[in-house]
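Step one of this worksheet: look at the structure below.
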Amino acid sequence: MNDRKVRVRFAPSPTGPLHMGGVRTALFNYLFAKKHNGDFLLRIEDTDQTRYVPGAEDYIMESLAWCGLKVDEGIREGGPHGPYRQSERKEIYKEYAEALVKSGNAYYAFDSAEELDKLRHEYESKGENFIYNASTRSSLKNSFTLSDEEVQRLLNSEESFVVRFCMPDNEVVTENDIIRGEVSFNTGLLDDKVLYKSDGMPTYHLANVVDDHLMEITHVIRGEEWLSSMPLHVLLYRALGWSDTMPRFAHLPLILKPVGKGKLSKRDGDKLGFPVFPLLWNDPFSGEVSRGYREDGYFPEAFINMLAFLGWNPGTEQEFFSLEELVENFSLERVGKSGSKFDPEKTKWFNHQYLIRRSDEQIAEQFEAILKSKGIADYDNAKVIRICGLLKERANFVSEIWNQGYFFFQAPTEYDAQVVKKRWKAETPQMMKEIAEFLNSVDNWDTAPLKEAFSAFVTGKGWGFGAVMNAFRLCLVGAGIGPDLFDICNLIGKDETINRINRALNQIRL
RNA sequence: GGCCCGUUCGUCUAAGGGUUAGGACGCAAGAUUUUCAUUCUUGUAAUAGGGGUUCGAAUCCCCUACGGGCUACCA
């Protein structure tokens with residue numbers, strides 16, 4: 001059993017865009033698989049026809065691809081254990097549902113949803129819990145209480161039925177979760193879960209166990225919301241005679257809201273202004289658009305790095321990990337037990353760190369698309385690369401480089417009123433005029449010599465540097481921001497520098 | 001309500017019986033930058049509460065509180 005090849009699966013249901021919590025589950029599955037030279041499968045759990053959302057399946061696959069999580073077996077990749085879409089495996093589940101009935105581990109039930117609902121309310125009003133299990137099943141409509149003939153008649157009729165698991169009474173099921181250790185449940189408190197629905201589809205529980213077995217899954221790594229289903233699943237493996245090859249379980253802690261209580265939801269993103277989905281999502285029903293990390297300008301590497309640290313840590317002080325390094329260092333033992341609040345600020349910081357580590361050329365490539373969107377087509381590629389190098393320290397995203405350096409590409413059209421008030425004095429226009437004349441006489445426009453000549457000129461005039469430089473910057477930039485002024489002069493060129501001074505002289509009024 | 005899981009700075013976390021409880025984000029201050037940002041330095045701030053066990057407990061046990069998940073013919 002220990003020599004089995006590690007095989008894990010990520011098994012989302014296509015009910016909408018993949019939440020970042022889902023991406024993290026996929027990530028941990030992927031990391032665990034690759035760490036152990038195993039396989040990472042993608043299985044689509046679309047057994048609930050009513051919740052199917054067109055496009056969600058492609059969205060899931062595109063998200064994993066963007067994150068660099070390569071799927072070994074799945075609906076696109078194929079593989080020896082297909083199909084990998086549960087709706088295409090209906091016949092398989094039916095077979096196992098029947099086998100469970102035959103072996104006495106499951107039974108047919110004919111109670112309608114309305115009848116059950118009514119019962120639940122009755123119990124509730126008495127302050128009690130209704131549980132469909134050993135305590136109640138003998139008084140309900142099922143193959144325990146009905147005669148064989150009646151059951152056969154109902155099964156052959158139009159009457160709908162479900163298959164329920166026969167939960168043993170008062171037995172303690174203990175299972176060793178890799179993250180949580182031993183967890184015990186008393187089956188007397190559990191209910192006879194529906195395994196097979198009246199629409200001919202299995203429920204999650206049956207489909208999941210059957211597929212994990214058939215696909216030779218060795219480790220089930222999933223969210224904590226499944227922890228309470230663990231005893232049912234353990235019992236199903238037993239009932240099906242698969243205990244020997246039952247996978248190990250690892251239940252991941254949840255990702256919580258940045259502020260307030262509860263798990264992270266789409267609402268939080270809207271409210272606090274950050275994406276909760278990896279990719280932009282266009283809801284086919286409501287037309288509503290949800291932001292995505294990709295479209296917001298995050299690097300997948302930064303997104304993944306941040307996600308990995310939500311619940312996992314390497315135990316060292318290293319905080320930047322490539323996907324390969326994560327694979328190398330990952331272990332489920334170092335995954336925490338408690339939920340983690342998501343921190344959008346730290347996510348930005350991660351992106352900043354990845355941005356400054358990128359080469360200027362790579363950044364320039366992305367930035368050029370932004371330039372085009374701003375209507376700037378005529379630019380010198382080498383200069384753009386230099387500009388990106390100058391500005392990347394100041395930005396969290398490539399897109400912010402524009403706000404940090406628009407003035408490299410277009411002259412300011414307005415002048416920051418606050419800066420004007422503070423830096424543009426009565427004597428300033430005269431100084432600027434003289435500076436323009438001086439600059440016109442400068443031949444060597446390289447940054448360093450220009451700076452040197454300029455300093456000599458200002459010193460010779462006996463002017464204060466603070467007054468000159470800030471006013472000069474206002475002329476060139478229109479505000480009190482930006483990198484070294486002589487870098488700006490050099491990059492925009494001599495003529496443009498002088499033009500901008502003249503322009504400011506015309507436009508700035510006290 | 002019932003069952004299960006959890007609880008270290010505001011946040012992510014380290015420390016798995018003996019540390020001045022460490023790091024990171026954030027925030028604050030100082031330095032550098034004649035701008036702004038960056039960068040650097042420093043500071044800020046935590047073992048939920050109460051009982052045990054022990055020479056010694058953030059670490060082990062119990063209780064309480066709080067948080068979370070599940071409690072569907074949803075996953």
Side-chain angles (χ1 to χ4, degrees), chain A residues 11-15 45-48 50-51 86 109 111-113 116-117 120 123-124 127-132 160-164 177 179-181 183-186 188-191 193-205 207-208 222-231 251 253-254 256 258-259 261-263 306 309-319 334 336-350 352 356 391-395 400 404 416 419 422-423 455 458 464-474 477 479-485:
Chain A
S13 49
T15 55
E45 309 219 325
D46 56 348
T47 54
D48 186 354
T50 63
R51 294 210 305 156
Q86 288 186 329
D111 319 87
S112 72
L116 258 18
D117 250 18
R120 285 197 185 92
Y123 273 71
E124 210 175 300
E128 290 169 31
N129 285 327
F130 171 75
I131 309 178
Y132 202 130
S160 70
F161 69 91
V162 298
V163 174
R164 283 183 183 271
D177 184 277
I179 292 172
R180 278 148 218 287
V183 185
S184 300
F185 301 84
N186 190 313
L189 278 348
L190 270 26
D191 64 342
K193 274 271 175 294
V194 171
L195 300 177
Y196 194 78
K197 300 185 271 188
S198 57
D199 66 356
M201 277 291 209
T203 58
Y204 169 83
H205 302 101
N208 190 260
R222 72 217 316 189
E224 193 186 355
E225 68 267 29
W226 296 111
L227 186 57
S228 6
S229 305
M230 188 164 65
H251 290 94
L254 265 20
L256 276 14
V259 294
K261 302 168 179 178
K263 63 176 178 181
M306 175 281 293
F309 271 71
L310 233 40
W312 172 85
N313 77 80
T316 65
E317 308 235 300
Q318 184 181 344
E319 44 195 347
R334 292 210 67 88
K337 299 188 208 328
S338 52
S340 355
K341 289 193 173 184
F342 173 65
D343 183 352
E345 284 310 310
K346 197 155 188 176
T347 309
K348 282 186 196 162
W349 175 80
F350 265 114
H352 173 70
I356 61 182
L391 297 175
K392 66 180 179 184
E393 291 269 357
R394 321 165 78 89
E400 284 177 2
Q404 294 292 339
D416 188 308
V419 182
K422 194 170 168 198
R423 309 291 191 188
S455 302
V458 172
F465 258 89
V468 175
M469 295 300 285
N470 287 306
F472 190 13
R473 176 174 296 276
L474 187 61
V477 173
I481 61 161
D484 186 89
L485 209 43

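Quick note on labels: first sequence line is chain A, next is B, and so on, each numbered from 1.
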In whole angstrom, give me the gap between the [atom1] atoms of [N] and [M].
{"N": "B:U41", "M": "B:A24", "atom1": "P", "result": "9 Å"}
{"N": "B:G1", "M": "B:A15", "atom1": "C1'", "result": "39 Å"}
{"N": "B:U32", "M": "B:G49", "atom1": "P", "result": "43 Å"}
{"N": "B:A75", "M": "B:G16", "atom1": "P", "result": "43 Å"}
{"N": "B:C73", "M": "B:G50", "atom1": "P", "result": "45 Å"}
{"N": "B:C12", "M": "B:U71", "atom1": "P", "result": "26 Å"}
{"N": "B:U11", "M": "B:G26", "atom1": "P", "result": "16 Å"}
{"N": "B:U19", "M": "B:A28", "atom1": "C1'", "result": "27 Å"}

Is any side-chain nitrogen or oxygen of [X] closer than 4.0 Å to OP1 or OP2 of [N]?
{"X": "A:Lys348", "N": "B:U11", "answer": "no"}
{"X": "A:Lys193", "N": "B:U71", "answer": "no"}
{"X": "A:Arg51", "N": "B:C73", "answer": "no"}
{"X": "A:Thr47", "N": "B:A75", "answer": "yes"}
{"X": "A:Arg164", "N": "B:C73", "answer": "yes"}
{"X": "A:Asn129", "N": "B:G1", "answer": "no"}
{"X": "A:Arg334", "N": "B:U13", "answer": "no"}

Side chain of [X] only, heavy atoms from C-beta on: which candidate in [options] is closest?
{"X": "A:Leu227", "options": "B:U11, B:C73, B:C4", "answer": "B:C4"}
{"X": "A:Ser228", "options": "B:A75, B:G69, B:C73", "answer": "B:G69"}
{"X": "A:Lys346", "options": "B:C12, B:G6, B:A75", "answer": "B:C12"}
{"X": "A:Glu317", "options": "B:A75, B:G23, B:A14", "answer": "B:G23"}
{"X": "A:Asp343", "options": "B:A75, B:A72, B:C25", "answer": "B:C25"}
{"X": "A:Arg423", "options": "B:G68, B:U35, B:A75", "answer": "B:U35"}
{"X": "A:Ser338", "options": "B:G1, B:U7, B:C70", "answer": "B:U7"}
{"X": "A:Trp349", "options": "B:G6, B:U13, B:C25", "answer": "B:C25"}
{"X": "A:His352", "options": "B:U39, B:G6, B:G68", "answer": "B:U39"}
{"X": "A:Ser198", "options": "B:C73, B:C12, B:G26", "answer": "B:C73"}

When we call it a touch if two heavy atoms are under 4.0 Å apart, what does [X] touch: a base, just sugar-phosphate, or nothing?
{"X": "A:Gly464", "result": "nothing"}
{"X": "A:Phe185", "result": "sugar-phosphate"}
{"X": "A:Val183", "result": "sugar-phosphate"}
{"X": "A:Pro483", "result": "base"}
{"X": "A:Asp484", "result": "base"}
{"X": "A:Ser184", "result": "sugar-phosphate"}
{"X": "A:Gly262", "result": "sugar-phosphate"}
{"X": "A:Gly466", "result": "base"}
{"X": "A:Gly482", "result": "base"}
{"X": "A:Asp111", "result": "base"}

Atom pair CZ (A:Arg473) and CZ (A:Arg423), whose distance is rounded to the nearest 0.5 Å: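 Going from CZ on A:Arg473 over to CZ on A:Arg423, the span is 10.0 Å.
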query: Atom CZ in A:Phe130, atom CG in A:Leu116: separation rounded to 0.5 Å?
result: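 Nearest 0.5 Å value for the CZ-CG distance: 5.0 Å.
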Complementary nucleotide for [N] - Watson-Crick or wobble, under 3.5 Å:
{"N": "B:G1", "value": "B:U71"}
{"N": "B:U20", "value": "none"}
{"N": "B:A15", "value": "none"}
{"N": "B:G10", "value": "B:C25"}

- prompt: Which class fits the ring pair A:Phe309 and A:Phe350: parallel under 30°, tilted 30 to 60°, perpendicular over 60°?
  reply: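 Rings of A:Phe309 and A:Phe350: tilted, 30 to 60°.
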Could you check how far [atom1] of [X] sits from [atom2] of [N], rounded to whole Å?
{"X": "A:Phe350", "N": "B:A24", "atom1": "CZ", "atom2": "C1'", "result": "8 Å"}
{"X": "A:Leu256", "N": "B:U13", "atom1": "CG", "atom2": "P", "result": "10 Å"}
{"X": "A:Leu190", "N": "B:C70", "atom1": "CG", "atom2": "P", "result": "15 Å"}
{"X": "A:Arg222", "N": "B:A75", "atom1": "CZ", "atom2": "P", "result": "13 Å"}
{"X": "A:Gln404", "N": "B:U35", "atom1": "CD", "atom2": "P", "result": "16 Å"}
{"X": "A:His205", "N": "B:C70", "atom1": "NE2", "atom2": "P", "result": "11 Å"}
{"X": "A:Asn208", "N": "B:C74", "atom1": "CG", "atom2": "P", "result": "15 Å"}
{"X": "A:Asn313", "N": "B:C25", "atom1": "CG", "atom2": "P", "result": "16 Å"}

message: Let me spell it out: for each of A:Arg120 and A:Glu45, pick the nucleotide of RNA chain B with the closest heavy atom. Which residue's pick is nearer the 5' end?
response: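 Upstream on the strand: A:Arg120.
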message: Please compare A:Gly336 and A:Arg473 by the position of their nearest nucleotide in RNA chain B and report the one closer to 5'.
response: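 It is A:Gly336, whose closest nucleotide lies nearer the 5' terminus.
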Report yes if the side chains of [X] and [Y] come closer than 4.5 Å at any heavy-atom pair, otherwise no.
{"X": "A:Trp312", "Y": "A:Pro314", "answer": "yes"}
{"X": "A:Asp111", "Y": "A:Tyr132", "answer": "yes"}
{"X": "A:Phe342", "Y": "A:Met306", "answer": "yes"}
{"X": "A:Asp48", "Y": "A:Thr15", "answer": "no"}
{"X": "A:Lys193", "Y": "A:Thr203", "answer": "no"}

message: Using a 3.5 Å distance criterion without hydrogens, assess whether the side chain of A:Asn129 forms a donor-acceptor pair with backbone atoms of A:Ile131.
response: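 No; zero donor-acceptor contacts below 3.5 Å.
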- prompt: Do you know which of A:Glu224, A:Arg222, A:Arg180 makes side chain to side chain donor-acceptor pair (under 3.5 Å) with A:His251?
  reply: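 The residue from A:Glu224, A:Arg222, A:Arg180 that satisfies side chain to side chain donor-acceptor pair (under 3.5 Å) with A:His251 turns out to be A:Arg222.
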